[in-house]
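Structure first, then comments.
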Amino acid sequence: MEGLEAKWSEVWERDGAYRFDRTATREQVFSIDTPPPTVSGSLHVGHVFSYTHTDVIARYQRMRGKVVFYPMGWDDNGLPTERRVQNHYGVRCDPSVDYDPRFTPPAEPSEKEPLSISRPNFVELCLQLTESDEQAFEALWRTLGLSVDWSTTYTTIGRVAQRVSQRSFLELLARGEAYQLQAPTLWDVDFQTAVAQAELEDRERPGAMHRVRFARASEGDGGAAGAAPRGEAEADGPEADRPGGANAAGPGVGDILIETTRPELIPACVALLTHPDDARWSALVGGEALTPLFGTRVPVLAHPLVEPDKGTGLVMVCTFGDLTDVTWWRELSLPVRAVLGEDGRLREVPWGAPGWESVDVAGARASYGELVGRSVNQARRRIVELLSESGELIGEPEPVNRAVKFFEKGERPVEIVTSRQWFFKTVAHREELLARGVELQWHPHYMRARYEDWVNGLTGDWCVSRQRFFGVPFPVWYEIDGSGTVLYERPIPAEEARLPVDPSTDVPDGYAPEQRGQPGGFAGDPDVMDTWATSSLTPQIAGMAGEDASDLLARVFPMDMRPQAHDIIRTWLFTTVLRSHLERDSLPWRVAALSGWVLDPDRKKMSKSKGNVVTPMHLLEEHGADAVRYWAANGRPGTDTAFDPQQMKVGRRLAVKLLNASKFALADLPPAGERLTSAIDRALIARLAATVEDVTRSFEDYDYARALQHTEELFWWFCDYYLELVKGRRYDSAGDPEGAASVSRALRLAVSVFQRLLAPFLPFVCEEVWSWWQPGSIHLAQWPDAADLWAELEPAADATEDEALTVAAEVLSEVRKAKSEARRPMRAPVEQIRVHDTPARLQALQLGLGDLRAAGAIERIESVESDEFAVEVELA
RNA sequence: GGGCGCGUAGCUCAGUGGGAGAGCGCUCGCUUCACACGCGAGAGGUCGCAGGUUCGAAACCCGCCGCGCCCACCA
């Protein structure tokens, strides 16, 4: 077993065993949209797991005669690489710094401040680091035995990917499917970039519910000269027994109370809402309230989304505390009062100016002065103190645990900040996308529900712009008018022939470089695309869509299979379906095959830290690639699987067993005869044929785990019973030349089938044993055909032959048990056995008597008719 | 709150209408002529709980409990 990986992967590479034939037609091809792993991290056991599943399918299809298109991609663009470069070199990208062509990164990252470098220098470092990562990844995949065509490798930051991505963007822009908008957007305050709905995750965080009193705006509060509720509140607040005045609500309504977990957003409050049917607050609807501390007049309105059971039934709408606020803000046409800056701190706002009116401007400024410049958390602590002092905080804040939305790679909750971003239309295509989900074949089928949940839950179009650096730029510039205003509504698209372009360094046609940023000149779009905006085009990138002189795409697209894990259905799967639908009016692939995760033995998702302890290369070195693949292939489609080195040892045993069984079967003993004459041999071939049919069906259904299980089951049975039963005929050929010739033939048929059935799972050992006696690679050999095996059995086998094998094996088992209980060796001679069984089975056994006698070292075999099967054994 | 999946031997899991299974682990035995990186044998389970359908349920239906995941407008 030692050294098989190195030996055969070298041969496969030399012979181009997995090279895609570019002359193949679409009907001949089986194409795979391989997931490009993120190269900024390390591969872990989970990758080995799911990529093995894909490879097993690829190898099966290849043996079925398909020309397999199996590229590998590296996902190197995006935030993960930026972060890795920052940490690895101790640098930071600063777009205002000029390019330094002689820049070399420090040998050791600085302990202190990160080094500010230009965007082009930063991108160069990203490219350098990912290239070395990619080499390490390729080495691992080769050791694992992935049958990838390494000449079709792509990267998501490469020139082809950039061109395909930019070309696609320009087409969507021309067709109005891509648009730019100044709008409230999900925002990560640490990375200072927009993020998409798909990149959010909920995390439980402790918080507190604050009950806060608003004042009722009286008629006289109209202008700046009106009464000062804040002062009033200060005066009256501590009193439990408040006189009816501006702060008292109207008839039947007590204090105007809201509950909030985000009191720091009170200065951003634009309305109070209640449910239309909520009698408690109906008297207020149509009127106005005044915010505490800031004295801002806000309308009290009704909206059906308000849930009367929550809090006081009266809710404060801020711009913006959460996505519901955005909904209300949009549907009720509320104004914007934004207090949060892009850095997650409360920004300066002009109290008293239009939009920031207050009945007490001085008081508002004073209160806000306590908050400005502070982070959300700091501001929250401070405003609670202020509200408490003013008496507008009712009772103590009540601790609550609540789910908060985070950017999946972020460390602080996302905020909603108004900014200019690019969007791709999704919501308008909801029904079409659901129909695509029905058209797609899902394995396992229930995974479709996740897709449908996601599509049905889309709340807005896909925000694709990111305020980052290492990604595919938007290939557009903007005119700057004479006054220096950037005319965003008039993007200048790049010429197709110039792609890929980087508008931050490239200049649009008709302009000179000096005009960048000048009145009358131009500005480049500063953003890069969401990594999914490029990854959603992997079928087109791998297929070289629109690239020179290539009709590759027509031979591979739409692809046959998209393998991926179930956690990225809402991102990679969804966006790929969207792009293909919009640009090609087609599914990107016929089949989606979903893998599960690898779990720790304690059933938790394998974490990165734990995954790094057991590195994949170490696993492969310790157990061998075939053994690791065996473990992976036991994980059923879509099902999470526990990490289990024990299973790898079993895989190793299977591989060794195949080696030894093949050695026995192919040993240069009697030559194979022309036909099978023994019932035992014929019964074996019949079982083999049935298993081939069953295993092939499983593979056609993408259930590789079942295919392996059934192959393995018959193989172990073959080794434990059939091989033992036929040893007599095999070795003592003189006594029965015809029987010896028959068994030789059966053995050759059997190992030929077993080797090929196991080849997708154990490619190295199978290639080794195949090379002993067959020309060419087993991985290019034809998949076993049950019809060939049935043809061996002309005239057709009858049930008695199968029963002969069954009964002979059962009797042998009883004989072994007797020897085991007597603590004798298995070769211990048996004086006589007496088999009790039904007449039919006894008659069948006659066909296998010779083999049974030799296998058990049995002198005499007697038969006794009985309804109960039993074997009496008399050891010598 | 809605949805999906799961609950079978100590562990990992197969089994979808008729006999409760596999591997690992455990115990015992065996230098066996393909294999000691092996071979043989054994112990071990009220199939989550409770109803129903059926001649018959681990499987089908209803409810409940537990676990995991996905989704949600979680003030």
Side-chain angles (χ1 to χ4, degrees), chain A residues 1-2 202 204 207 209-210 258-262 265 272-273 303-307 309-318 321-328 331 400-405 444-459 566-567 569-570 596-597 599 601 603-605 624 627 631 634-636 638-647 649-650 652-667 705-706 709-710 712-713 716 719-720 723-724 727 730-731 747 751 812-828 857:
Chain A
M1 286 296 295
E2 308 307 324
D202 286 351
E204 284 284 330
M209 190 64 77
H210 307 79
I258 60 112
E259 288 195 355
T260 181
T261 57
R262 303 207 59 183
L265 292 178
L272 297 183
L273 299 186
H303 192 280
L305 279 185
V306 177
E307 292 184 40
D309 309 345
K310 286 190 178 150
T312 62
L314 194 62
V315 57
M316 155 178 98
V317 182
C318 305
D322 61 26
L323 289 170
T324 320
D325 281 345
V326 179
T327 305
W328 283 323
E331 293 188 8
V400 289
N401 261 325
R402 72 220 201 284
V404 182
K405 300 230 178 275
H445 65 273
Y446 55 79
M447 287 292 177
R448 174 184 294 140
R450 300 198 180 190
Y451 173 85
E452 290 178 345
D453 275 356
W454 178 252
V455 175
N456 281 319
L458 287 172
T459 57
H566 55 63
D567 55 333
I569 288 175
R570 67 177 185 173
W597 280 331
L599 305 176
R603 309 298 301 167
K604 298 273 170 43
K605 186 185 175 189
W631 159 75
N634 266 297
R636 306 188 87 76
T639 306
D640 297 345
T641 297
F643 176 73
D644 186 4
Q646 201 52 249
Q647 276 299 104
K649 294 190 174 138
V650 176
R652 174 97 175 174
R653 283 182 55 210
L654 177 62
V656 170
K657 198 76 177 174
L658 181 66
L659 216 53
N660 286 312
S662 298
K663 192 164 98 185
F664 171 74
L666 301 173
R706 188 189 151 93
Q709 191 180 307
H710 287 210
E712 189 189 12
E713 200 176 342
W716 282 111
C719 292
D720 294 342
L723 289 187
E724 293 302 326
K727 272 181 182 171
R730 183 105 175 89
Y731 285 116
L747 285 171
V751 292
L812 178 59
S813 184
E814 291 297 316
V815 172
R816 284 171 178 169
K817 186 197 281 191
K819 290 179 180 177
S820 196
E821 279 168 358
R823 311 200 155 187
R824 302 287 304 278
M826 286 301 125
R827 64 187 169 124

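Naming convention: chains lettered A, B, ... in sequence-line order (proteins, then strands); numbering from 1 in each chain.
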Which distance, rounded to the nearest 0.5 Å, do you find between the CG of Leu747(A) and the CZ of Arg730(A)?
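Reported to 0.5 Å precision, the distance equals 5.5 Å.
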Roughly how many Å apart are rA22(B) and rG45(B), using the P atom of each and rounding to a whole number?
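It works out to 14 Å between them.
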Check this one for me: any side-chain N or O of [X] less than 4.0 Å away from OP1 or OP2 of [N]?
| X | N | value |
| --- | --- | --- |
| Arg653(A) | rC24(B) | yes |
| Lys817(A) | rG42(B) | yes |
| Arg448(A) | rG5(B) | no |
| Lys819(A) | rC39(B) | no |

Take Arg824(A) and Trp716(A), find for each the nucleotide of RNA chain B with the closest heavy atom, and name the residue whose nucleotide sits nearer the 5' end.
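Whichever sits nearer the 5' end wins; that is Arg824(A).
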5' precedence on RNA chain B between Arg706(A) and Ala822(A) (nearest-nucleotide basis):
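First, find each residue's nearest nucleotide; the 5'-ward one identifies Arg706(A).
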I'd like a list of close polar pairs between nucleotides 25-28 of chain B and the protein, N/O only, cut-off under 3.5 Å.
| unit_1 | atom_1 | unit_2 | atom_2 | d |
| --- | --- | --- | --- | --- |
| rC28(B) | O2' | Arg823(A) | NH2 | 2.8 |

Of all the nucleotides listed (rC37(B), rU12(B), rA41(B)), which has the minimum atom distance to the side chain of Ser813(A)?
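So the side chain of Ser813(A) is nearest to rA41(B).
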Selection from rA14(B), rU32(B), rC4(B) that lies nearest to any side-chain heavy atom of Tyr446(A):
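Minimum distance to the Tyr446(A) side chain belongs to rC4(B).
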Once you round it to whole Å, what is the distance between [atom2] of [N] and [atom1] of [X]?
| X | N | atom1 | atom2 | result |
| --- | --- | --- | --- | --- |
| Arg827(A) | rC35(B) | CZ | P | 14 Å |
| Glu452(A) | rC4(B) | CD | P | 11 Å |
| Glu821(A) | rC30(B) | CD | P | 14 Å |

The contact string for nucleotides 69-75 of chain B, one letter per nucleotide 5' to 3', using protein heavy atoms under 4.0 Å with B, S and - for base, sugar-phosphate only and none, comes out as SBSSBBB
Opposite nucleotide pairing with rG5(B), Watson-Crick or G-U, both atom distances under 3.5 Å:
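Here rG5(B) is engaged in a pair, and the nucleotide opposite it is rC67(B).
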Is it true that a side-chain atom of Thr639(A) and a backbone atom of Gly635(A) form a donor plus acceptor pair closer than 3.5 Å?
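No, because the side chain of Thr639(A) does not come within donor-acceptor range (under 3.5 Å) of the backbone of Gly635(A).
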Report yes if the side chains of Gln709(A) and Arg636(A) come closer than 4.5 Å at any heavy-atom pair, otherwise no.
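The answer is yes, as the side chains (C-beta and beyond) meet within the 4.5 Å cut-off.
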